[in-house]
Number of protein chains: 2
Amino acid sequence: MIIKSNIKRLLQYRICLGKFKELGFTRVYSYNLGNAAGVSPEQVRKDFSTYGITGNKKAGYEISSLLEILNRLFGMDKTHNIIIVGMGNMGRALANYNERFITQHVYIYAAFDMDPSKHNKTSGMPVFPLSKIPDIVSKNDITTAIISVPAIAAQEVCNLLIDVGIKGILNFAPIVLKVPDHVVINHLNLSTEIDAIIYYLNEKLDTR
Amino acid sequence: MIIKSNIKRLLQYRICLGKFKELGFTRVYSYNLGNAAGVSPEQVRKDFSTYGITGNKKAGYEISSLLEILNRLFGMDKTHNIIIVGMGNMGRALANYNERFITQHVYIYAAFDMDPSKHNKTSGMPVFPLSKIPDIVSKNDITTAIISVPAIAAQEVCNLLIDVGIKGILNFAPIVLKVPDHVVINHLNLSTEIDAIIYYLNEKLDTR
DNA sequence: CATTTTATGTTACTGTTTTCACAATAACTC
DNA sequence: GAGTTATTGTGAAAACAGTAACATAAAATG
Ligand SMILES: NC(=O)c1ccc[n+]([C@@H]2O[C@H](COP(=O)([O-])OP(=O)(O)OC[C@H]3O[C@@H](n4cnc5c(N)ncnc54)[C@H](O)[C@@H]3O)[C@@H](O)[C@H]2O)c1
Ligand SMILES: NC(=O)c1ccc[n+]([C@@H]2O[C@H](COP(=O)([O-])OP(=O)(O)OC[C@H]3O[C@@H](n4cnc5c(N)ncnc54)[C@H](O)[C@@H]3O)[C@@H](O)[C@H]2O)c1
């Protein structure tokens, strides 16, 4: 599953709208939103059009009602509990960010690690052994998980998660995980993100 | 700047080829690579074709020479020194990953933070105040930086980096940074990555 | 209240990416 | 070494995404 850019843009519009609202604005134009989100005003209107979102001729969009529509579109009427497997450097960084994730209606409900020395509560949420996964996932209707274990263990952890009913996965391990069709998987390879930047820098030099 | 998916795929092929090599293989077919990288064999061949990379009819691709070509394409004949600004949770996680980044020819040479309590060497590389940025960047030919400061400070840090000659930025702060055309910027919003997964899960339920 | 202004919403266009199909050809078989 | 097989390489087709143009309509103006 590759996440479409229009979905990412709509989520970005939502974040920008929140900031506009905080600043006391009540209406925005496609031009303002595009500027804040780094896209053209036409792109903003096109994205809204695709999802049947309409504003007012000449008067732009009312921020509160636009936010309501986007919040409904993204199921943000409630907070989505998720779990993390792998409480190493990346897992801890994410765990410590929990109070900010909740502003996007995401909450890390529990974490899991194979290393018993990680089993404690210092990161805000409990850290359990992997044997607790089935119980916690099923008892709390959890459908989404973050994998931040070493690449060597990622497929095994992934399989386990799918077995217990996880349907959406954000994977930080630098390996392409094999999942059944019904599972939504989002691969995030930070090394690659940096390498790609460096590639474009060199390319610009070459074609000068 | 939006990073094209063919570049990300080529980088992924490179990683997969490395694993094949470790496992003792000397040749691969487009089918093997596609399978490992999660794409179709046609996509693999097309990507190679786009960059003038050729293999052998019936005998596939020789791993070592393919790796050489990709390493050259991505400037991996040398290690690229980069810096991080913001040594909080995310910055530290990245810093601790330095010995792994170097396998992708990326090395975090120095880190910067406005908070004096972060100025030490416990994370492997030195952590300096921001006033040291111009000196370190220019003396070490550094062109790429990671921003992991709070959103409120990100644009200011970004401007400073561009002023001292940084040309490529990976930004973790949940804000769309304004940069001149010649700067390559890669926005990575982790909240959005999770929200997008949740969106697709709900969408699948809706259209069931 | 007629006219002008200005921003939306959509259609048509343009460009890009992916998939498909198959000719070309190197390796293998007998 | 002729015939068969398997895999590449690419051009054409299809699908997708982004840009541009403009008709439409609400608001502002006077
Ligand atoms: N830290 C980074 O900045 C960074 C950057 C790029 C990629 N990554 C990737 O993210 C993943 C996590 O990175 P990290 O730096 O946090 O690694 P880490 O080694 O610090 O942490 C890994 C954690 O996973 C746990 N673990 C190992 N095997 C497990 C298993 N089978 N089940 C459950 N837990 C297990 C370990 O106990 C450890 O706590 C890795 O795949 C890494 O390649 C991290
Ligand atoms: N930690 C996560 O998992 C996570 C998830 C999503 C997004 N992010 C984003 O990544 C960024 C960093 O997150 P974090 O969790 O590491 O935050 P953090 O608060 O732990 O760390 C921020 C660091 O930046 C430093 N800083 C603040 N202002 C600065 C300035 N002007 N110049 C230099 N340094 C400055 C602080 O001293 C601190 O060390 C934030 O923008 C955050 O929204 C983080």
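Chain naming here is simple, since letters A, B, ... match the order of the sequence lines and numbering starts at 1 in each.
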### Query
Whole Å only: how far is the CG atom of A:D47 from the P atom of D:dA20?
15 Å

### Query
Around atom OH of A:Y97, are there more than 12 heavy atoms of other residues, nucleotides or ligands at under 6.0 Å?
yes

### Query
Rounded to the Å, how far apart are A:N56 CG and D:dA27 C1'?
11 Å

### Query
Is a donor-acceptor contact shorter than 3.5 angstrom present between the side chain of B:K4 and the base of C:dT16?
no

### Message
Using only atom types and a distance under 3.5 Å, with no angle test, would you say the side chain of B:K178 pairs donor to acceptor with the backbone of A:N35?
### Response
yes

### Message
Working to the nearest 0.5 angstrom, can you tell me the gap between A:F20 CZ and A:L66 CG?
### Response
11.0 Å

### Message
Looking at D:dT10, I'd like to know if its phosphate oxygens (OP1 or OP2) sit under 4.0 Å from a side-chain N or O belonging to B:S49.
### Response
yes

### Query
At under 4.0 Å, does any side-chain N or O of B:Y61 touch on OP1 or OP2 of D:dG9?
yes

### Message
Strictly below 4.0 Å: does A:R9 bring a side-chain N or O up to OP1 or OP2 of D:dG18?
### Response
yes

### Summary
Taken to the nearest whole Å, OH/A:Y51 to C1'/C:dT10 is 17 Å

### Task
Let me know the distance between CD of A:E62 and C1' of D:dA26, rounded to the nearest Å.
15 Å

### Summary
Comparing nearest nucleotides in DNA chain C, the 5'-proximal residue of the pair A:I2, A:E42 is A:E42

### Task
Give a yes/no on whether any side-chain N or O of B:Q43 is located under 4.0 angstrom from OP1 or OP2 of C:dT19.
yes

### Message
With a 4.0 Å limit, can you tell me whether B:R45 has a side-chain N or O closer than that to the phosphate oxygens OP1/OP2 of D:dG9?
### Response
no

#### Entry: Distance, rounded to the nearest Å, where A:I53 contributes CD1 and C:dT8 contributes P
14 Å

#### Entry: Rounded distance in Å - OH (B:Y29) to C1' (C:dA26)
11 Å

#### Entry: Atom-pair distance (CZ on B:F48; P on D:dT7), nearest Å
16 Å

### Distance, rounded to the nearest Å, where B:I3 contributes CD1 and C:dT17 contributes C1'
17 Å

#### Entry: Residue whose nearest DNA chain D nucleotide is more 5′ - B:K46 or B:Y31
B:Y31

#### Entry: Polar pair under 3.5 Å, donor/acceptor by atom type, side chain A:K57, base C:dT6
no

### Query
OP1 or OP2 of C:dA7 less than 4.0 angstrom from a side-chain nitrogen or oxygen of A:S30, does that happen here?
no

### Query
Hey, is the main chain of A:R45 close enough, under 3.5 Å, to the side chain of A:S49 for a donor-acceptor pair?
no

### Pair A:N89-B:R92, side-chain donor/acceptor within less than 3.5 Å
no

